[in-house]
Asker: 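Got a structure here, written out as structure tokens. Questions coming.
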Amino acid sequence: MRIDIISAVPDSLFSPLNTSILKRAQDKKKVEIIVHNLRDYTHDKHKQIDDKPFGGGPGMLLKPEPFFECIEKLISERRYDHIIFTSPKGVLYNQKMANKLSLADNLLMVCGHYKGIDDRVREKFCTDEISIGNYVLSGGELASLVIIDSIVRLIPGVLNDSESALNDSLMDGDFVEPPYYTRPAEIAGMKVPEVLLSGNEKKIKEWKEQQSKLLTEKWKKINNLE
Ligand code: ADE
């Protein structure tokens with residue numbers, strides 16, 4: 001998979017992209033992630049990427065021309081399965097969407113700024129407008145990173161066996177895993193449930209299933225699902 005990201009603040013992306021599982025996925029050549037600095041697509045002395053909004057109002061907007069130039073170059077080079085605009089006005093992101101996006105060959109993420117991008121960029125190029133939650137971030141970069149992380153970990157060969165076994169929660173959107181414990185068996189007076197130390201595999205399996213069921217019910221209740 002190849003993922004391109006267009007951003008006005010590319011430095012905000014590099015640390016998460018070059019850490020942990022996202023780094024390993026790139027090192028293993030499972031994904032290629034390329035960051036494009038919007039400023040590189042300006043042609044004036046001051047490399048200006050924003051301007052005042054027509055019709056007035058507070059703040060500045062990201063200008064359309066650098067986005068147009070960058071996106072037109074990228075789409076002339078390859079076919080993108082999705083061109084995603086991250087915005088609080090978009091469709092709410094979930095695991096099902098992550099599963100679908102993880103099957104793509106090429107993704108392009110366009111990082112917006114709330115109230116801060118000329119809407120013609122979205123209208124002309126973007127196939128998907130995605131929000132990661134009903135709250136407002138300062139920019140689309142963190143949202144893009146959330147989406148990218150959730151996709152890349154699903155690419156076969158990115159997670160090792162133990163990581164993927166431990167991370168099945170919410171894979172199909174309505175199942176929560178039981179709690180897990182490791183050594184020591186007691187800390188601050190808190191003991192690991194006896195059954196997990198019993199060595200009785202049948203009992204342990206039953207306990208995990210029961211916990212999972214209870215936690216799934218609780219999770220649905222606190223999130224107003226069903
Ligand atoms: N940009 C600003 N807020 C956002 C959100 N909640 N989701 C996606 N992109 C955003």
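None of these values were measured; they are calculated from a predicted model. For ligands, and for the atoms within them, numbers begin at 1 and follow the listed sequence.
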Asker: With a cutoff of 4.0 Å, is S144 in contact with ligand 1, counting heavy atoms of the residue only?
Answerer: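 No; S144 lies far enough from ligand 1 that no heavy-atom distance drops under 4.0 Å.
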Asker: Does any non-hydrogen side-chain atom of L74 lie less than 4.5 Å from one of I6?
Answerer: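 Yes, close enough: below the 4.5 Å cut-off.
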Asker: Determine whether the side chain, the backbone, both or neither of S87 has a heavy atom under 4.0 Å from any heavy atom of ligand 1.
Answerer: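 The answer is the backbone of S87.
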Asker: Does the pair E77/K73 count as a salt bridge with the N-to-O cut at 4.0 Å?
Answerer: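 Looking at K73 together with E77, the answer is yes, because their closest N to O distance falls below 4.0 Å.
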Asker: Test your reading of the structure: does I132 have an N or O sitting under 3.5 Å from an N or O of ligand 1?
Answerer: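 Yes - when backbone and side-chain N and O of I132 are compared with those of ligand 1, one distance drops under 3.5 Å.
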Asker: Report the part of I130 (side chain from C-beta onward, or backbone N, CA, C, O) that has a heavy atom under 4.0 Å from ligand 1; answer both or neither where that applies.
Answerer: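 Answer for I130: backbone.
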Asker: Under 3.5 Å, N or O to N or O, is L137 touching ligand 1 that way?
Answerer: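 For ligand 1, there is an N or O atom that lies under 3.5 Å from one belonging to L137.
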Asker: Is the closest basic N to carboxylate O distance between R24 and D27 below 4.0 Å?
Answerer: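 A salt bridge is absent here (no side-chain N lies under 4.0 Å from a carboxylate O).
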Asker: Taking ring pair (Phe, Tyr, Trp, His ring centres under 6.0 Å) as the test, write out the residues that go with Y93, two or more places apart.
Answerer: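 If we apply the ring pair (Phe, Tyr, Trp, His ring centres under 6.0 Å) test to Y93, skipping adjacent residues, there are no hits.
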Asker: For F68, check ring pair (Phe, Tyr, Trp, His ring centres under 6.0 Å) against everything at least two apart and list the hits.
Answerer: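 Scan of F68 (ring pair (Phe, Tyr, Trp, His ring centres under 6.0 Å), adjacent residues dropped) gives F125.
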Asker: Return a yes/no value for S138: is any of its N or O atoms, backbone included, closer than 3.5 angstrom to an N or O of ligand 1?
Answerer: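 No - when backbone and side-chain N and O of S138 are compared with those of ligand 1, no distance drops under 3.5 Å.
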